[in-house]
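Here is the naming used below: chain letters follow the sequence lines, and residue numbers restart at 1 for every chain.
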Amino acid sequence: MSGNKEEEDPRINGIKTRIRVVPDFPKKGIMFQDITTVLLDPKAFKDTIDLFVERYRNKNISVVAGIEARGFLFGPPIALAIGAKFVPLRKPKKLPGETIFEEYELEYGNDRLEMHVGAVEAGDRALVVDDLIATGGTLCAAIKLLERVGAEVVECACVIELPELQGRQRLKGKPLCMLVEYR
Amino acid sequence: MQSIVSSHHLCFAPPPPPPVLGHRLICHSLPSIRLPSHRSPTSLRLFSCAAESEMAAAAKEDGQDLRIPKIASSIRVIPDFPKPGIMFQDITTLLLDTEAFKDTIDIFVERYKGKGISVVAGVEARGFIFGPPIALAIGAKFVPMRKPKKLPGKVISEEYSLEYGTDKIEMHVGAVEPGERAIIIDDLIATGGTLAAAIRLLERVGVKIVECACVIELPELNGREKLGEAPLFILVTSDAA
């Protein structure tokens, strides 16, 4: 995992071949990385989760934070397997209780990521999960939210990285674990 | 409602279930699931002693699953969200309780494992939290049903009514095949509009809906009626307001 090509786990190729690339979505020029085809293959989906679980199970992670909506597909199975709480990080106005938010930049304008007050406590050791890291803006907002309440972000975990967008540099020094690169 | 599942391990009178603020517990006999037609035509009672895991058997008293009160009490009710008069059932607190979340998934997995279910369809976004763990445990594919324009590639869509206006859910073309057996998962059933649309989408491509499964039902909103022949399985009921 995570760029160490010589020792690539044999399961990774199976996952990679299941990712479908959809050109010009959501707009022209973007090669969209569609992970729904991974979810259609029970073995590939299981392998994806297993790879992350093997990495994190003995690291005393108490929180898995998943970014809406595709982080919700991968975060909960990991959380369940390692005995951590799952915390959804959501677009504005979805979470019903008291929330805190972080803003982040889009190509045009800003958006916000929200988290419930009280979901995460000071001293919690957290993982942030999303299907893909592109510019890193959303993950950075997630890290900030967690750190504001005193959690320690141990690592960010994504199935796919788009390394040319250099998202890895925007993670406030936190490490990134990914399974598949797309160039 | 009393369960009629036999519990041969019982040797003492069970305590009454703990009162749960705002929630009533489902303690009824679970309707059995029809197996695919190549098996025996008589439907099997799901919680037969042979089929149960040891843990599940030990957790029952007088047929009532003791995990359910704990799940119910982990759900937070938020008044007046998203608007005045609505008592919102917040499952995020269930997700913070590692035992309650695990138990929730285990109950669904025990029900659906080994029943020839090849598709778990989950409705965006909270269906994405419960569906994949179930799919992984029973060896089925997970199919996300999404709001418009989220899924890349070719989709089919189904409209459904809202209080004011309509909305759509979408599914990828080719995600499922005719003849597959599916369950549909969401965190909660209210009016049943979204679930009914999900059922129509899957049936349009020849999939058989074995059951709809939700953590919570708001029975006063009669969502069950919209599901046609598809059975509904839930863990917890709650008053809508």
Side chains of [X] and [Y]: does their closest heavy-atom pair fall under 4.5 Å?
{"X": "D187(B)", "Y": "Q89(B)", "value": "no"}
{"X": "I209(B)", "Y": "E203(B)", "value": "yes"}
{"X": "L95(B)", "Y": "P76(A)", "value": "no"}
{"X": "F45(A)", "Y": "R18(A)", "value": "no"}

For L151(B), which atoms come within 4.5 Å of any heavy atom of chain A: side chain, backbone, both, or neither?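 For L151(B), heavy atoms of backbone and side chain both lie under 4.5 Å from chain A.
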Side chain, backbone, both or neither of P144(B) within contact of chain A (heavy atoms, under 4.5 Å):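 Only the side chain of P144(B) comes within 4.5 Å of chain A.
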Choice from V120(B), T98(B), L96(B) maximising heavy atom contacts with chain A below 4.5 Å: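 Most heavy-atom pairs under 4.5 Å with chain A: L96(B).
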Which residue out of K102(B), H172(B), E124(B) racks up the most heavy-atom pairs below 4.5 Å with chain A?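 The candidate making the most pairs under 4.5 Å is H172(B).
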Tell me, side chain or backbone of L95(A) under 4.5 Å from chain B's heavy atoms, or both, or neither?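 When you check distances to chain B, atoms from both the backbone and side chain of L95(A) fall under 4.5 Å.
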Counting heavy-atom pairs under 4.5 Å to chain B, which of V22(A), L80(A), V120(A) comes out on top?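 Most heavy-atom pairs within the cutoff with chain B belong to L80(A).
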Relative to chain B, which of K94(A), R20(A), K46(A), K43(A) shows the most heavy atom pairs under 4.5 Å?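 Of the candidates given, the most pairs with chain B belong to R20(A).
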Per the salt bridge (charged side-chain N to carboxylate O under 4.0 Å, His left out) rule, which among E181(A), E155(A), E161(A) passes with R168(A)?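 Answer after filtering E181(A), E155(A), E161(A): E161(A).
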